[in-house]
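Structure first, commentary second.
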Amino acid sequence: MPAVSKGDGMRGLAVFISDIRNCKSKEAEIKRINKELANIRSKFKGDKALDGYSKKKYVCKLLFIFLLGHDIDFGHMEAVNLLSSNRYTEKQIGYLFISVLVNSNSELIRLINNAIKNDLASRNPTFMGLALHCIANVGSREMAEAFAGEIPKILVAGDTMDSVKQSAALCLLRLYRTSPDLVPMGDWTSRVVHLLNDQHLGVVTAATSLITTLAQKNPEEFKTSVSLAVSRLSRIVTSASTDLQDYTYYFVPAPWLSVKLLRLLQCYPPPEDPAVRGRLTECLETILNKAQEPPKSKKVQHSNAKNAVLFEAISLIIHHDSEPNLLVRACNQLGQFLQHRETNLRYLALESMCTLASSEFSHEAVKTHIETVINALKTERDVSVRQRAVDLLYAMCDRSNAQQIVAEMLNYLETADYSIREEIVLKVAILAEKYAVDYTWYVDTILNLIRIAGDYVSEEVWYRVIQIVINRDDVQGYAAKTVFEALQAPACHENLVKVGGYILGEFGNLIAGDPRSSPLIQFNLLHSKFHLCSVPTRALLLSTYIKFVNLFPEIKTTIQDVLRSDSQLKNADVELQQRAVEYLRLSTIASTDILATVLEEMPPFPERESSILAKLKKKKGPGTVTDLEEIKKERSSDMNGSAEPASVNASAVSTPSPSADLLGLGAAPLANSAPPPSSSGSLLVDVFSDSASAVAPLAPGSDDNFASPDLASSEVVSEEPADTVHDADELFHKFVCKNNGVLFENQLLQIGLKSEFRQNLGRMFIFYGNKTSTQFLNFTPTVICSDDLQSSLNLQTKPVDPTVDGGAQVQQVVNIECVSDFMEAPILNIQFRYGGTFQNLSVKLPITLNKFFQPTEMSSQDFFQRWKQLSNPKQEVQNIFKAKHPMDAEITKAKIIGFGSALLEEVDPNPANFVGAGIIHTKTTQIGCLLRLEPNLQAQMYRLTLRTSKEAVSQRLCELLSEQF
């Protein structure tokens, strides 16, 4: 209860509280409360007007009864009446009652707002403080609507007292957090920054909290706060504890303000002004130096305040990541905390060092503490600290210490808490793959992992080991030998049986020459585990058996007997029964050549990012914009660098390129088909690694892909966007010869694309990444087509969640059907609300005519015969232009292939020229296309000639391709 002076004591309230405390039972308490409520109700309803003291006393009693847990349904109007009193204690009790008992939907809210306005206008600092406290305590949207425009004026007014400024700053902060869209940004924002120079440290502390929150969402408007924050921090850090007596806490000058200033500086990159940057560096060095000094007090409050400032300073050093000296010093300081007796300090030190390990400047310094971290993993009592130790070992791992760290993690795994075992398994699998110099070590590690923690080895882990073994010839024999030996243990985990069945089915022949691992022994070993396994594993083993029929004809009869047994042919599970019947029939009627073709060895998998990494990211939290940042490397490979020509070499071999089967249009898997390469829940970064599993099949000519014309018409509109299309030409031409990459990026939003086209159909995945820490509300992406384009291009977009959390991303699928040739490109318009501000932007969507190109191989004779047939002047378009990029033959080949046509070798008499052919597929027609590109290295010029059966198509393709060179 609020303190009252002796002369203002409420005896009746004191007696009532004493009576309640003296009650012997709950029933007696309720009886006394009901008696008091009846008395208060009669007093309020009586004819005689109550004076302010009586109202205050009875309202106080109601408040006390409410705090005891009883409902109060009257007395609100009397509390509102107290607001108009000129006595502080009466007004205080009125505001206290309203803050606790009045909800934002109350009919009295208008009366309350009027009373608050009167107090704010009174210029009485005591009354203004009470009113501001009430606004902040209620903090409703109605309060924000009524006072969000008034409070900033009080905050920056020159005649406002310091105590009122403090309350105004914190009140505005509360309203901004609850209703950011209602707090207007205006002239006051530039003036509030100067409160950092205020002489009253209480005002500076409150203003720093407000500015930090505002700067996180409007960094540009508060950029000037950086120099002022550095100046204020410098004065605090260099001051003696006696200089700031009122704000010194256990010999630490203004620790709360120091922490808030350091957090404010983390909203911005390192200062560009050398003087400000130098002053900030001095501050940080001083803080690190003070951490080395002996403590001025043995009390825990002193060390807590001192360490709070230190850890926040280290967070700022890590955030800037620009001063090698500071980063190494921070690492050394944290290293001293790793063996501190205080558990919280050990935890915070490990957590901070995890971030330091990712910096190129401090990674080596972090590695020097590896023995201490390993010791913490073995001896630490607190499970959360052990988990941070695992995270740090994972972060500091590189080729020089990978085997040591993996071995320690495996040792710890045997006794690790069940809650973190799966995460450790994923990290061991990732490190073993990432830093495997010798892949025999990788195989041993994964099998050891399955042996130690088989229940926690997810499908992604054993899928991945199979992909790697299949892709590396040098490890296949060793893998077969190792799994064969591992399977001989009396008790094997089912995941080991899966790996063993798959690898022996593919490469069992590599160890069949040893009498100890003859074909029959291999089969009997696997079949001895059959009855112990689940249905999916039994299905995989049946596929292994039919592979054995092809690899080892000598045991064909034995395998057929197993397949013919009643337990297989009459199995209750339909999948097992069907496999047994079909495999038995296949082994009986198929010739040796047919068996060899159907059951041939699995081809290598396309290279892609490990799906284990995606699973770890998913386990650690939702996809962040950090994941999206990892695809920025796409920008550097926009066909002008050296990254893309590799795809030319890839297409020359039999292994399909990573993006070749995105839509599931390739050949069906073989009997012992490979497991899916990644989980369907992969993060954005895994989608951009050309994984095929995330996309459903899209068959040419299938009506199901466009079965909802109403949906398409509701999402694709024919209006032109009102605002400007961002960097239209640059972004548009970047995607003509490629399908994946970052389409657009600013401070708030990043848009990534991944698409695949086949004949006249296509599917595009658009990824919207929120780069801020604030939600996007009413997020509405719309694909806009002109009237002409709507008749030529059929687009169906899937709806997107209207709320995009800070640091997260959402995905939108666009199904595409080319009905006829078209010249324009659709516009992607995105509207959303961010921090109360409406955002509207548009970019061209890179759906161009060449995306529906299908390459056509032709002989030299066929090419020139067709070239002559297209000799009509309207069918040919020619362009002579200056080279914009270095004239590299390999890059030029890659661009022509990326454009969609087949690159025809040895067709043109001049070997320096490039010739291509293909067919543009639309729903209504097919348009043949021939192209010839003649480079002139001396003049740095190109001549591009295109011939098609349609003049407009020739013109459009020539425009698109000319921009690429």
Side-chain angles (χ1 to χ4, degrees), residues 639 644-645 647-654 657 660 736-737 757-760 818 820-823 848-885 887-922 924-965:
M639 296 296 185
E644 284 296 323
S647 61
V648 178
N649 301 331
S651 63
V653 296
S654 59
S657 66
V736 167
C737 292
F757 297 85
R758 179 64 178 259
Q759 295 185 10
N760 71 313
C818 180
S820 61
D821 57 277
F822 57 96
M823 302 299 114
T848 50
L849 188 59
N850 68 294
K851 299 296 182 184
F852 304 97
F853 233 140
Q854 292 296 304
T856 304
E857 295 292 339
M858 304 176 81
S859 65
S860 177
Q861 181 180 353
D862 292 338
F863 178 84
F864 284 107
Q865 182 180 353
R866 179 63 179 156
W867 185 265
K868 290 175 184 177
Q869 291 173 355
L870 298 172
S871 57
N872 189 313
K874 290 186 177 181
Q875 294 175 328
E876 178 182 290
V877 174
Q878 190 173 89
N879 186 21
I880 300 173
F881 55 94
K882 190 82 174 172
K884 300 175 185 175
H885 307 294
M887 299 178 72
D888 185 287
E890 290 301 315
I891 293 176
T892 303
K893 288 179 182 179
K895 289 180 178 179
I896 293 173
I897 293 173
F899 191 68
S901 70
L903 185 66
L904 306 181
E905 304 282 357
E906 300 178 359
V907 169
D908 196 293
N910 184 350
N913 294 344
F914 302 93
V915 176
I919 298 172
I920 299 286
H921 285 261
T922 71
T924 55
T925 185
Q926 295 184 1
I927 305 165
C929 173
L930 304 178
L931 68 87
R932 188 183 190 194
L933 181 69
E934 301 166 84
N936 185 333
L937 292 174
Q938 285 186 329
Q940 290 290 296
M941 303 279 286
Y942 285 103
R943 179 166 67 182
L944 175 63
T945 309
L946 269 133
R947 291 188 180 184
T948 74
S949 54
K950 207 168 182 181
E951 181 183 10
V953 173
S954 300
Q955 187 66 44
R956 182 58 175 158
L957 293 178
C958 186
E959 289 172 3
L960 291 171
L961 192 54
S962 296
E963 291 294 331
Q964 302 304 307
F965 300 104

In Å, rounded to the nearest 0.5 Å, how long is the span from [atom1] of [X] to [atom2] of [Y]?
X: Tyr942; Y: Asn936; atom1: OH; atom2: CG; value: 10.5 Å
X: Leu849; Y: Cys818; atom1: CG; atom2: SG; value: 6.0 Å
X: Gln854; Y: Cys929; atom1: CD; atom2: SG; value: 13.0 Å
X: Leu903; Y: Glu857; atom1: CG; atom2: CD; value: 8.5 Å
X: Leu870; Y: Lys950; atom1: CG; atom2: NZ; value: 14.5 Å
X: Ile896; Y: Leu931; atom1: CD1; atom2: CG; value: 6.0 Å

Can you name the closest pair of heavy atoms from [X] and [Y] and give their distance?
X: His921; Y: Gln759; value: CB-C, 3.6 Å
X: Met941; Y: Met887; value: O-CE, 3.5 Å
X: Ile927; Y: Thr925; value: CG1-CG2, 4.2 Å
X: Phe863; Y: Gly916; value: CE1-O, 3.8 Å

Report yes or no: does [X] contribute a side-chain atom to a donor-acceptor pair with the main-chain N or O of [Y] at less than 3.5 Å?
X: Lys895; Y: Gln964; answer: yes
X: Asn850; Y: Val736; answer: yes
X: Arg956; Y: Met823; answer: yes
X: Lys851; Y: Gly900; answer: no

Would you please test Trp867 and Thr945 for side-chain contact (heavy atoms from CB on, under 4.5 Å) and show each step?
CA-CA 11 Å; Trp867 185 265; Thr945 309; 3.8 Å; yes
Under the salt bridge (Lys or Arg N to Asp or Glu O under 4.0 Å) rule, what pairs show up with a residue in residues 908-919, not counting sequence neighbours?
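Qualifying pairs, neighbours excluded: Asp908-Arg932.
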With sequence neighbours excluded, tell me which residues meet side chain to side chain donor-acceptor pair (under 3.5 Å) with [X].
X: Ser901; value: none
X: Glu934; value: Arg943
X: Glu951; value: none

Check against side-chain contact (heavy atoms from CB on, under 4.5 Å), Phe822 and Phe852
CA-CA 11 Å; Phe822 57 96; Phe852 304 97; 3.8 Å; yes
Between [X] and [Y], is any pair of side-chain heavy atoms under 4.5 Å apart?
X: Pro935; Y: Asn913; result: yes
X: Glu959; Y: Glu963; result: no
X: Leu930; Y: Met858; result: yes

Sequence-distant partners of Leu944, side-chain contact (heavy atoms from CB on, under 4.5 Å), two or more places apart
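Leu944: side-chain contact (heavy atoms from CB on, under 4.5 Å) contacts with Phe881, Leu933, Leu946, Cys958, Leu961, Ser962.
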For Ser954 and Thr948, test the side chains for any donor-to-acceptor distance below 3.5 angstrom and give the result as yes or no.
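Short answer, yes.
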Not counting sequence neighbours, which residues clear ring-ring contact (aromatic ring centres under 6.0 Å, His included) with Phe853? List them please.
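By the ring-ring contact (aromatic ring centres under 6.0 Å, His included) rule, Phe853 matches Phe899.
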